[in-house]
Amino acid sequence: MQVTVNGSTTDVPDDATVAALVADLVAGRAGGHGRVAVARNGDVVPRSAWETTGLAAGDALEVLAPTAGG
Amino acid sequence: MDDVLELAGETFTSRLVLGTGGITSMETLERTVRASGTQLVTVALRRIEASADAAMLQVLERCGVRLLPNTAGCRTAREAVLTARLGREAFGTDWVKLEVIGDEHTLLPDALELLDAAEQLVDDGFRVFAYTTDDAILGRRLADAGCAAVMPLGSPIGSGLGIRNPHAIALLREAVSVPVVLDAGIGTASDAALAMELGCDAVLLASAVTRARDPERMALAMRCAVEAGRLARSAGRIPRRWHAQASTQFEGLPQL
């Protein structure tokens, strides 16, 4: 099925979870996902719910991480 | 000198809040943070592919500073509230620098969206540091809404134009009882000193340091300026006079 991740259409397995999606995105990035935050369809998905939150076709996800800012 | 700043129930001995936006390397970040003496540093959230690597937070942790996540780039209360909640999730703090801009050209705050977002976030348990205009009435509305601090701009973000309306900043200072942090527009050290002389409790700046030719040196300059301005404010400046007033007495002046 297709979902939108950070503005890009992405194919994910039907049983995909937020946790699996985040793991894919942080793979190879320094520092892992200690400070990642996720929004699904305009609502925060708390870290404690990543494993149990499944994805549905058409979901819009934003996966964010810290950066410099004023 | 025992002169501490209290923000949202926490005490700080430094009255300089540093933004990290515009920093060019992690080495420069560390040297700059240390030179500034800051204890509170703003950070942001962006899509993971455009974010900084973990080294940035490691540097800030090593420096022992508290983090103040911002909502930079948000245009509506809805976006800002969601960004604040994501920041709380990512950084584990309920402190937020609330920024809701009207357009990308001026980056000026959208007063209506700002107040709406501030009310929602205070209700949700956030400690809101509201980036706002230099309007005393809006500042009072934000303070009444429960913001932890009101942070008026001296001039547009990144402009380096300094404090364009010192009178407005002084009026705002009088209008609210929560801390006032001059945020945005600082270009050089004298601007930071002026903010403190006008009665601001602290100064928040980023570009003036991060985009200076020598960020570490400018950070030290800002630290000194904030301290000097604070001292001058508490020392009580002399009144301005139209004419001169001799500092050396005329009595006993010889007839030569």
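Being a predicted model, the structure only gives us computed values, none of them experimental. Sequence lines set the chain letters: A, B, ... in the order given, protein chains first and strands last, and positions in each chain run from 1.
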- Item | Worked check of side-chain contact (heavy atoms from CB on, under 4.5 Å) between B:Leu82 and A:Val44 | CA-CA 7 Å; B:Leu82 179 55; A:Val44 178; 3.7 Å; yes
- Task: Apply side-chain contact (heavy atoms from CB on, under 4.5 Å) to the pair A:Arg35 and B:Leu57, showing each step before the final yes or no.
- Result: CA-CA 9 Å; A:Arg35 300 281 190 166; B:Leu57 290 178; 3.4 Å; yes
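- Within a 6.0 Å sphere centred on CZ of B:Arg75, other residues, nucleotides and ligands contribute more than 12 heavy atoms.
- Closest of all the heavy-atom pairs between A:Gly70 and B:Asn70 is O-ND2, 2.6 Å.
- Looking only at heavy-atom pairs under 4.5 Å with chain B, the residue among A:Gly7, A:Pro46, A:Gly42, A:Pro66 that has the most is A:Pro66.
- Within the 3.5 Å criterion, the main-chain N or O of A:Arg47 finds a donor-acceptor partner in the side chain of B:Glu89.
- A heavy-atom distance below 4.5 Å is found between the side chains of A:Leu64 and B:Arg47.
- Ranking B:Leu86, B:Val41, B:Leu205 against chain A, the residue ahead of the rest is B:Leu86, based on heavy-atom pairs under 4.5 Å.
- For A:Gly69 against B:Thr42, the heavy-atom pair with the smallest separation is O-OG1, 2.7 Å.
- There is no contact between B:Ala184 and chain A, counting heavy-atom distances below 4.5 Å.
- Here the rule is side chain to side chain contact (heavy atoms under 4.5 Å, CB included) with B:Ile48, and of A:Val26, A:Val38, A:Val22 only A:Val26 fits it.
- For the set B:Glu49, B:Glu99, B:Arg78, B:Arg85, the count of heavy-atom pairs under 4.5 angstrom toward chain A peaks at B:Glu49.
- With a 4.5 angstrom heavy-atom cutoff, B:Ala90 touches chain A via backbone and side-chain atoms both.
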